[in-house]
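Beneath this line is the structure, given in structure tokens, with notes to follow.
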Protein chains: 2
Amino acid sequence: MTMRLDADMFDPMCPSSALPFQVGDKWTGMVVRCLEHGPRRFGELRAPLRTVTPKVLTETLRAMERDGLVTRTAYEENPPRVEYALTPLGRSLLTLIEAARVWTREHLPDLLAARVAYDAGGAPAAPTGSGVSAAGVVSGPPDNA
Amino acid sequence: MTMRLDADMFDPMCPSSALPFQVGDKWTGMVVRCLEHGPRRFGELRAPLRTVTPKVLTETLRAMERDGLVTRTAYEENPPRVEYALTPLGRSLLTLIEAARVWTREHLPDLLAARVAYDAGGAPAAPTGSGVSAAGVVSGPPDNA
DNA sequence: TCCCCCAGTTCCGTTGCGGTAACCGGCCCC
DNA sequence: GGGGCCGGTTACCGCAACGGAACTGGGGGA
């Protein structure tokens, strides 16, 4: 393999796994990005997505093939070889995925900070949320029990 | 009154429910869109999202509140009133959602057509090969044999 | 002969999202 | 005093997604 795939996106420990988007199944978006720079073989997809099991990867790829997002090309060679490639339709998802990545880069810290503040129990000092507490009580975490 | 929300997006029978994106939980994206034009009460969210159950809506809203996407304002009135509103962070998701909607408008027919073609017999565009279903060998570049 | 390669497939188990149904508690109206 | 409205909560459940491990199959090399 040649391309340096952004490892962080595929790292299950990466905070972006907490981000509020998903394209298709859990792995669909990552597969699209893995195929961004050209066709890849089954095993080449397993490597960067190293926590995906063959079963799930197969399911994902089949679903994507069905939806016209990838093509599957099997070569009748002595060690079997199968290549997956993006179709134009699949490629069109890249802009959307890129938009999601931009959002994540820009806003994920805010989201995570809000989460920490919420979990900490208090009304956040509202770096992002403000304004609408006219006559009311802005709730914090339910402090029941 | 009650803003004419694009009903199609909230209709479970709408083909866009087959689209390959999701923002957060199943309902998060729809909640964001419901709040696009101003705060809404719990019951006002249930109406357009009419298949959502109170439990799931509560869970969704709590998660969104935790992530700083919405604010929850409870008014101590005689019939209880609670309003949910987008934070700037939540509002920033709108561009992404809009991008997804644009993609859907432009490409969903292709996706659906590919699906139908695939289900109809395997080879989507180039029926040069034959007999393809489950273990399908999509005829590709006839490399060496 | 045995094992390895790739690209899966099959069986089985677990997780948790999403859904159903029922209940709660204050206040008002009938 | 019984119901209704509002905004939930709680208990329970089912299904689909996700995941682990083992197995397949045909050719090639040791």
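Order of the sequence lines sets the chain letters (A, B, ...), proteins ahead of strands, with each chain counted from 1.
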Scan residues 86-96 of chain A for pairs that pass salt bridge (Lys or Arg N to Asp or Glu O under 4.0 Å), counting only residues two or more places apart or in two chains. none
Rounded off to whole Å, could you give me the CD-to-C1' distance for the A:E44 and C:dC5 pair? 15 Å
C:dG19 P sits how many Å from B:E59 CD, rounded? 10 Å
Within less than 4.0 Å of OP1 or OP2 of C:dA7, is there a side-chain N or O belonging to A:R41? yes
Whole-Å distance between D:dG27 P and A:E77 CD? 14 Å
Looking only at D:dC18, D:dG7, D:dG8, the nucleotide nearest the B:R81 side chain is D:dG7
Separation of atom CG in A:L57 from atom P in C:dT9, rounded to whole Å: 11 Å
With the side chain counted from C-beta on, respond yes when A:L112 and A:P109 share a heavy-atom pair under 4.5 Å apart, and no when they do not. no
Sorted by chain and residue number, the side chain to side chain donor-acceptor pair (under 3.5 Å) partners of A:E106 (sequence neighbours excluded) come out as none
For A:T87, side chain to side chain donor-acceptor pair (under 3.5 Å) partners two or more places apart: none
Separation of C:dA7 P from A:Y84 OH (nearest whole Å): 9 Å
Could I get a table of every N or O pair under 3.5 Å where one atom is in the protein and the other is in nucleotides 19-26 of chain D?
| from | atom 1 | to | atom 2 | distance (Å) |
| --- | --- | --- | --- | --- |
| D:dG19 | OP1 | A:K26 | NZ | 3.0 |
| D:dG19 | OP2 | A:W27 | NE1 | 3.2 |
| D:dG19 | N7 | A:K55 | NZ | 3.1 |
| D:dG19 | O6 | A:K55 | NZ | 2.4 |

Spacing of A:D25 atom CG relative to D:dA16 atom C1', expressed in whole Å: 11 Å
Angle between the two end axes of the helix from C:dT1-D:dA30 to C:dC30-D:dG1, five base pairs per end, rounded to 10 degrees? 30°
A:A113: side chain to side chain contact (heavy atoms under 4.5 Å, CB included) partners, not counting sequence neighbours: none
What nucleotide among C:dG18, C:dG8, D:dG8 has an atom nearest to a side-chain atom of B:R62? D:dG8
Could you pull out every donor-acceptor pair under 3.5 Å between side chains of residues 52-61 of chain A and any protein atom, sequence neighbours left out?
| from | atom 1 | to | atom 2 | distance (Å) |
| --- | --- | --- | --- | --- |
| A:T53 | OG1 | A:V56 | N | 3.4 |
| A:T58 | OG1 | A:P54 | O | 2.8 |
| A:T60 | OG1 | A:V56 | O | 2.9 |

Partner residues of A:E83 under the salt bridge (charged side-chain N to carboxylate O under 4.0 Å, His left out) criterion, sequence neighbours left out: A:R81
If we only count heavy atoms from C-beta on, is the B:V23 to B:L96 side-chain gap below 4.5 Å? no
Using whole Å, what does the distance between atom C1' of nucleotide C:dG8 and atom OH of A:Y75 come to? 18 Å
Does B:R41 have any salt bridge (charged side-chain N to carboxylate O under 4.0 Å, His left out) partners at least two apart in sequence or in another chain, and if so, which? none
Nearest whole Å is fine: how far is C:dG18 P from B:M30 CE? 11 Å
